[in-house]
Amino acid sequence: MDNRILVTGGAGFIGSHTVVELIEAGFEPIIIDNFSNSYPFIISNLEKITGKKIKYYEVDCNDQPALEKVFEKEENINGVIHFAAFKAVGESVEQPLKYYRNNVASVITLLEVMAKYNVENLVFSSSCTVYGEPDELPVMEDSLVKLANSPYGNTKQVCEEILKDYVSSNALLKAIALRYFNPIGAHPSSLIGELPIGKPNNLIPFITQTAIGIRSELTVFGDNYETPDGSCIRDYIHVVDLAKAHVKAIIYANKQETRSFYDIFNVGTGQGNSVFEIIKAFNEASGTTLNYKIGPKRDGDVTQVYGDVSKSLKLLEWKTEKSLLDSLRDAWNWQKHLEKQNYGI
Ligand code: WQD
């Protein structure tokens, strides 16, 4: 198998961790990133972690001529892992066209360029948000895809439909959609991790920024949900485990004999944890006591979602290896590392 893989959004949170795991598995990743939601220093930190020179292109996936130039220049590309997308649920409600333009149009552009250069393997970054508020738990890949509760979630649903329809048209494409649950944590080296710009939307970066004193306190968005302790339940997966799933997925896509192939996999731990359980586990992992208060529910939050991951175990030969405490400890170490560095962010 040719080992050269294009990673769009490869300087981002999940993309950068996947670049590390691709190199560890003997691949040669080439990063495409427009740095709209990431930083060039991540590339040099990736080179420190892996000891390898990493080629990258500052390109927007919606810029078809620029994207074609990359495919023109880089020969023997075996496949693409497509992370490049906006992902803030709240922002997508305020700026839906920005999300449809960037998240959906970029997939169409990428598919057209892949076809032009006969690149046939694709791993697509999808999301558990496609399940909405599930009727049954854990959600399976064939669970009902509900009306998305945000334009962001809808962009993921639309992109999955685009892949399915395109493959059904007998296109030269073997595509895998990975439905992520809640990616958290950071690389154990503390050289790469989650880098929210401005006030974090997501729970874990808000917790670590509160614990280090950047934020005064965490607001728990609601403690009267229909759950054992009243707070929402999610499936929190270590970003390194999630990255490894992408390596397994591109290998699995490449293995398919048929010209046109599409499949979907849940990528999570298979376990649910509540917000209060996360706070308790973070206190244990960090040796700190988190300052928090209870606030109103957040629009768009589902009560609970976590996934059945037996299909990924069986077909991708992948399962999580890291614990919730590993994730929270790595997230906390990354926050402390950021404090000491002057990355100029
Ligand atoms: C988790 C829980 C909040 C912040 C996100 C992305 C989604 C997908 C999965 C990529 C919820 C609570 C949060 C805070 C809180 N990622 N919370 N106080 O919303 O499950 O989904 O990850 O595909 O796109 O949006 O993650 O971390 O925002 O929230 O109480 O300050 O933490 O109510 O119950 P979410 P989250």
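Read the numbers this way: they start at 1 and go in the same order the structure lists the ligands and their atoms.
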Which protein non-hydrogen atom lies closest to atom 5 (C) of ligand 1, naming both residue and atom, and how far is it? Asn202 ND2, 3.6 Å
For atom 20 (O) of ligand 1, what is the nearest protein heavy atom, given as residue, atom name and distance? Arg234 NE, 2.7 Å
Starting from atom 19 (O) of ligand 1, which protein heavy atom do you reach first, and at what distance in Å? Arg298 NH2, 2.9 Å
Any chance the side chains of Asn283 and Lys280 put a donor and an acceptor closer than 3.5 Å? no
When Ile279 is tested against each of Leu290, Thr289, Leu203 for side-chain contact (heavy atoms from CB on, under 4.5 Å), which residue passes? Leu290
Pair Thr320-Asp241, side-chain donor/acceptor within less than 3.5 Å: no
Short side-chain donor-acceptor distance under 3.5 Å, Tyr100 and Asn154: yes
Could you tell me if Thr219 and Tyr292 have a donor-acceptor pair between their side chains, going purely by distance under 3.5 Å? no
I'd like to know if Tyr236 contacts ligand 1, where contact means a heavy-atom distance under 4.0 Å to any ligand atom. yes
Considering only the protein, which heavy-atom contact is closest to atom 8 (C) of ligand 1, and what is its distance? Ser127 OG, 4.0 Å
Only heavy atoms of Leu218, strictly under 4.0 Å: list the atoms of ligand 1 that pass. 14 (C), 18 (N), 31 (O)
In terms of relative ring orientation, are His17 and Phe13 parallel, tilted or perpendicular, with 30° and 60° separating the classes? perpendicular
Mutual orientation of the aromatic rings belonging to Phe282 and Trp332 [parallel < 30°, tilted 30-60°, perpendicular > 60°]: perpendicular
So, is Ser126 polar-close to ligand 1, with some N/O to N/O distance under 3.5 Å? no
Quick one: nearest non-hydrogen protein atom to atom 18 (N) of ligand 1, plus distance? Thr219 O, 2.8 Å
What's the shortest distance from atom 35 (P) of ligand 1 to any protein heavy atom, and which residue and atom give it? Asn182 ND2, 3.6 Å
Ligand 1 atoms in contact with Val275 (distance to a heavy atom under 4.0 Å): 12 (C), 32 (O), 34 (O)
Counting heavy atoms only, name the option from Phe221, Tyr225, Tyr292 that's nearest to atom 17 (N) of ligand 1. Phe221
Would you check the N or O atoms of Thr129, main chain and side chain alike, for any that come under 3.5 Å of an N or O of ligand 1? no
of all protein heavy atoms, closest to atom 25 (O) of ligand 1 is Val89 CG2, 3.2 Å
Which of the numbered atoms in ligand 1 are below 4.0 angstrom from a heavy atom of Val220? 30 (O)
For Glu74, all residues meeting salt bridge (charged side-chain N to carboxylate O under 4.0 Å, His left out), sequence neighbours excluded: Arg4, Lys55
How does Val305 reach ligand 1, by side chain, by backbone, by both or by neither, if only non-hydrogen atoms under 4.0 Å count? neither
Phe181, Tyr152, Phe276: member with heavy atom nearest to atom 24 (O) of ligand 1: Tyr152
Heavy atom under 4.0 Å from ligand 1: found in Asp301's side chain, backbone, both, or neither? side chain
Which residues end up grouped with Leu325 if you chain together Ile, Leu, Val, Met, Phe, Trp and Tyr wherever their side-chain heavy atoms are less than 4.5 Å apart? none
Assess, by modelled atom type and distance only, whether the side chains of Glu226 and Thr303 contain a donor and an acceptor separated by less than 3.5 Å. no
Quick one about Asp165 and Ser168 (side-chain donor to acceptor, distance below 3.5 Å, no hydrogens or angles considered), yes or no? no
Proximity flag Tyr180 to ligand 1, non-hydrogen atoms under 4.0 Å: no
Regarding ligand 1, does Leu203 bring an N or O atom to under 3.5 Å of one of the ligand's N or O atoms? yes
Over 60° means perpendicular and under 30° means parallel, so tell me whether Tyr117 and Phe71 are parallel, tilted or perpendicular. tilted
Atom 34 (O) of ligand 1: which protein heavy atom is closest, and how many Å away? Cys232 CB, 2.9 Å
